[in-house]
Each structure stands twice: as structure tokens, then as C-alpha cells.
Amino acid sequence: MKYEFSPHARKRMRERSISEGLIVEALKFPTKISSDKQGRQLVKKLYIRRRSQRLLLIAVETKGEVSKIITVIETSKVRKYLYE
């Protein structure tokens, strides 16, 4: 699968110090995948950062063989977003 990052996703990655490697790992080995009302995939990856549980949320649009990462969010509110 080919991945393409939107300018917005790149900006959020810089702001939140999230590496491209972590994004690719989350896409390959997600904790959970759901979808939103617009048909985008919401990829969720639970991981440890600085000794605390974090949840990475990635909004992805797939067209053909290319998956475009729209935005990236990192949160400590694991229960709220992982088990909704």
C-alpha cells in the first residue's frame, strides 16, 4: 500500500512530534479501525509514549491503491476514543 500525507497531516505530525514511522506502523498494525460519516477510515493505534498509554488516531481516505492520511491526532483519552 502506498501512503500519501496531506499538508495538514504533516503539520499536525510536526506539532505533535509524531514520526512517519509511527504512522506507517499504526496503519500496518492498528489496534482498531472504524469509519466516519464521510467514509474515511479512522485508524486507532494504542502505544506507550513517555511511560504513559497514548492513542494515535489517523483519518485516512483510500482511492485505488493510494491511502491519503488526512490528519493525525494523539491523545491520552484512550477509553473515550478507543472504546466508543
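Throughout, numbering of the chain's residues begins at 1 and tracks the sequence.
Nearest heavy atoms, S19 versus M13: C-CE, 4.0 Å. Taking each heavy atom of P30 and V43 in turn, the nearest pair found is CB-CG1, 3.7 Å. Minimum interatomic distance between L46 and Q53 (heavy atoms only, all atoms of both residues): CD2-NE2, 3.7 Å.
Taking a 6.0 Å sphere around CD of E15, one finds it holds more than 12 heavy atoms contributed by other residues, nucleotides or ligands.
The side-chain heavy atoms of I69 and L27, taken from C-beta on, include a pair separated by under 4.5 Å. Using a 4.5 Å cut-off on side-chain heavy atoms (C-beta onward), K44 and S34 make contact. When side chains are defined from C-beta on, V66 does not count as touching Y3, because their heavy atoms never get closer than 4.5 Å. A heavy-atom distance below 4.5 Å is not found between the side chains of K45 and L55. Residues L42 and L57 are not in side-chain contact: their nearest non-hydrogen atoms beyond the backbone lie 4.5 Å or more apart. At a threshold of 4.5 Å between non-hydrogen side-chain atoms, the residues V60 and T62 count as touching.
Atom CD1 of I70 sits about 8.5 Å away from atom CD of E4, to the nearest 0.5 Å. To the nearest 0.5 Å, the span separating CZ on R10 from CD1 on I23 amounts to 9.5 Å.
Comment: K68 does not engage E61 in a salt bridge, judged by the lack of any side-chain N to carboxylate O separation of less than 4.0 angstrom. A salt bridge links R49 with E74; the closest basic N to acidic carboxylate O contact falls under 4.0 Å.
A cation-pi arrangement is absent between R54 and Y47 under the rule of less than 6.0 angstrom and at most 45 degrees off the ring axis.
In terms of the salt bridge (Lys or Arg N to Asp or Glu O under 4.0 Å) criterion, E25 has no residue partners (sequence neighbours excluded).
Among the candidates L56, I73, T75, the single residue satisfying the side chain to side chain contact (heavy atoms under 4.5 Å, CB included) test with R16 is I73.
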